[in-house]
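Heavy-atom basis, side chains included; hydrogens, waters and symmetry copies ignored.
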Amino acid sequence: MKFLTLSDDINFLRQINTLISGKGEFDSVLIGDGDPKGLGSGVLFRVKKDTPFDAISEGILKMSKDYDYMVIGSTEIGREIAGYLSFKTGFYTATEIFYLDINGQKVHTKRFFFGGKTVIEEESDAKIITVAPGVVEARDLGSTPQMKDLDVGQSRIRITKFTSKAGGSVRLEDAKVIVSVGRGIGSKENIAKVEPLAKALNGEIAGSRPVCMDYGWLSEDRQVGLSGKKVSPKVYIALGISGQIQHIAGMRNSKTVIAINKDKNAPIFQECDYGIVGDIFTVVPKILEQLKQ
């Protein structure tokens, strides 16, 4: 059994390879740059960043007969490539999975459903699989692959202009600790009052959709949720977040969830490991005092 894995992020590619490690041999495609040491692939096919998705897909189609399964990171370009390959090959695609097992000719997968409210288990004949980010912690798989350039196809897309979006380049997907704020924080100015907690824990500040998209208190790249980043930190601290299912879908893979909210009936308390009913601006300073000790 042989796999071809693909991502436009080296850390995500390591996660995917870790997920399939032990299930068969695999080669990989990396769009962009990254250190391949310990990636575990037999061959790493490199593709220049900003190569159109259809050109990459055509390159993969040229060698697709050499692989039993194609496992693709669910990023913007990854989803484009998976859809293109599915259309061209006629293969069924299992999407956004966080668990994968193969029994004979059948693929057994698990993925979140209804916005993350439930888990659906499926058995199918899928040959193309997209993987949700953060489903496993990447391991060093020992071997470093042989490097080759992917023979990309001719693109039918002509890029006429790039427009950069405002915001930073934070990678919440890689954060071990995330301090996330919701509307309960009250105002943009109040975020500064909880930033010391993130700094003390060497973590990152994040926010719910209203905080990042509706009010603009944080930049879009810090949004956690169904329409934002999917994260899996070791510790996720939710401050003033009610816990709507759209937000839970983005942080459900967190190892430990701590919630602080004045509303004892907030849904977040059904999802957390530790909950504190109280005022954020009273509780957070007390946590900081304990951390200093």
Side-chain angles (χ1 to χ4, degrees), residues 2-20 25-91 93-97 126-135 138 141 143-174 220-221 228-230:
K2 195 165 185 179
F3 298 84
L4 181 68
T5 63
L6 177 145
S7 182
D8 57 337
D9 178 82
I10 188 65
N11 295 319
F12 196 178
L13 189 58
R14 291 185 190 280
Q15 293 175 22
I16 298 167
N17 287 0
T18 299
L19 180 68
I20 67 168
E25 298 179 351
F26 54 91
D27 296 330
S28 299
V29 176
L30 175 62
I31 305 166
D33 299 318
D35 182 1
K37 185 177 179 181
L39 193 60
S41 314
V43 177
L44 178 64
F45 296 96
R46 297 176 298 187
V47 183
K48 291 181 179 178
K49 186 179 179 182
D50 298 328
T51 301
F53 76 90
D54 62 331
I56 299 171
S57 301
E58 288 294 335
I60 293 171
L61 285 170
K62 294 176 187 177
M63 57 183 189
S64 60
K65 65 181 183 300
D66 297 328
Y67 301 95
D68 300 295
Y69 300 97
M70 289 175 275
V71 187
I72 300 170
S74 185
T75 61
E76 183 176 347
I77 192 169
R79 291 187 290 272
E80 294 271 22
I81 291 170
Y84 190 103
L85 293 174
S86 182
F87 174 76
K88 285 285 189 174
T89 62
F91 292 151
T93 301
T95 60
E96 297 287 328
I97 66 102
K127 299 295 184 184
I128 301 169
I129 300 151
T130 68
V131 179
V135 298
L141 298 177
S143 62
T144 298
Q146 175 188 359
M147 307 290 285
K148 292 184 178 180
D149 290 329
L150 182 68
D151 182 16
V152 299
Q154 185 69 35
S155 177
R156 299 175 64 185
I157 299 169
R158 185 170 64 90
I159 299 173
T160 58
K161 183 180 180 181
F162 280 103
T163 302
S164 298
K165 294 178 68 175
S169 57
V170 62
R171 281 196 51 80
L172 292 179
E173 300 95 325
D174 299 332
E220 291 181 24
D221 60 341
K229 300 287 183 69
K230 313 296 191 300

Checklist outcome for this item: Value for CD1 (Ile128) from OG1 (Thr93), rounded to nearest 0.5 Å, stands at 4.0 Å
Checklist entry - Taking all atoms of both residues into account, what is the closest heavy-atom pair of Glu58 and Gly153, and its distance? => result CB-CA, 3.9 Å
Next on the checklist: Do Tyr67 and Lys127 make a side-chain contact, defined as non-hydrogen atoms from C-beta onward lying under 4.5 Å apart?
Outcome noted: no
Next on the checklist: If I compare all heavy atoms of Pro36 with all of Pro145, which pair ends up nearest, and what's the gap?
Outcome noted: O-CD, 3.4 Å
Item to check | Smallest separation among heavy atoms of Thr95 and Thr130, with atom names | outcome: CA-OG1, 3.0 Å
Checklist entry - Do Ser41 and Asn17 touch side chain to side chain, with heavy atoms closer than 4.5 Å? => result yes
Checklist entry - To the nearest 0.5 Å, what is the distance between CG (Asp174) and CZ (Phe12)? => result 11.0 Å
Checklist entry - Where do Ile16 and Ile72 come nearest, in terms of heavy atoms and distance? => result CD1-C, 4.1 Å
Item to check | Beyond-backbone contact of Ile77 with Ile56, side-chain heavy atoms, under 4.5 angstrom | outcome: yes
Item to check | Residues Glu76, Asp8; criterion side-chain contact (heavy atoms from CB on, under 4.5 Å); working and verdict | outcome: CA-CA 9 Å; Glu76 183 176 347; Asp8 57 337; over 6 Å; no
Checklist entry - Heavy atoms, side chains only, cut-off 4.5 Å: are Leu4 and Val29 in contact? => result yes
Checklist entry - Within the side chain of Ser74, is there an N or O that forms a donor-acceptor pair under 3.5 Å with the backbone of Val131? => result no
Item to check | Nearest-0.5 Å distance that lies between atom OG in Ser57 and atom CD1 in Ile81 | outcome: 5.0 Å
Checklist entry - Between Thr75 and Asp9, is any pair of side-chain heavy atoms under 4.5 Å apart? => result no
Checklist entry - If you measure from CG on Asp27 to CG on Leu39, what distance do you get to the nearest 0.5 Å? => result 10.5 Å
Checklist entry - Taking atom CG of Leu141 and atom OG1 of Thr18, what is their separation to the nearest 0.5 Å? => result 4.5 Å
Item to check | 4.5 Å side-chain heavy-atom contact, Phe45 and Ile60 | outcome: no
Next on the checklist: Would you say CG of Asp66 has more than 12 non-hydrogen atoms from neighbouring residues, nucleotides or ligands within 6.0 angstrom?
Outcome noted: yes
Checklist entry - Side-chain contact, heavy-atom cut-off 4.5 Å: Ser64 with Leu85? => result no
Next on the checklist: Quick test of your reading of the model: are Asp149 and Arg46 salt-bridged, counting only N-O distances below 4.0 Å?
Outcome noted: yes
Next on the checklist: Testing Ile97, Thr5, Ile129 one by one against Leu19 for a side chain to side chain contact (heavy atoms under 4.5 Å, CB included), which residue passes?
Outcome noted: Ile97
Checklist outcome for this item: Nearest heavy-atom contact between Lys48 and Thr51 is O-OG1, 2.6 Å
Item to check | Smallest separation among heavy atoms of Phe162 and Ile159, with atom names | outcome: CE1-CG2, 3.7 Å
Checklist entry - Is it true that a side-chain atom of Lys229 and a backbone atom of Asp221 form a donor plus acceptor pair closer than 3.5 Å? => result yes
Item to check | Any donor-acceptor N/O pair, Ser86 side chain to Ala82 backbone, under 3.5 Å | outcome: no
Checklist entry - How long is the gap from CD on Glu25 to CZ on Phe3, to the nearest 0.5 Å? => result 10.5 Å
Checklist entry - For Lys62, does the NZ atom sit with more than 12 other heavy atoms under 6.0 Å from it, leaving out its own atoms? => result yes
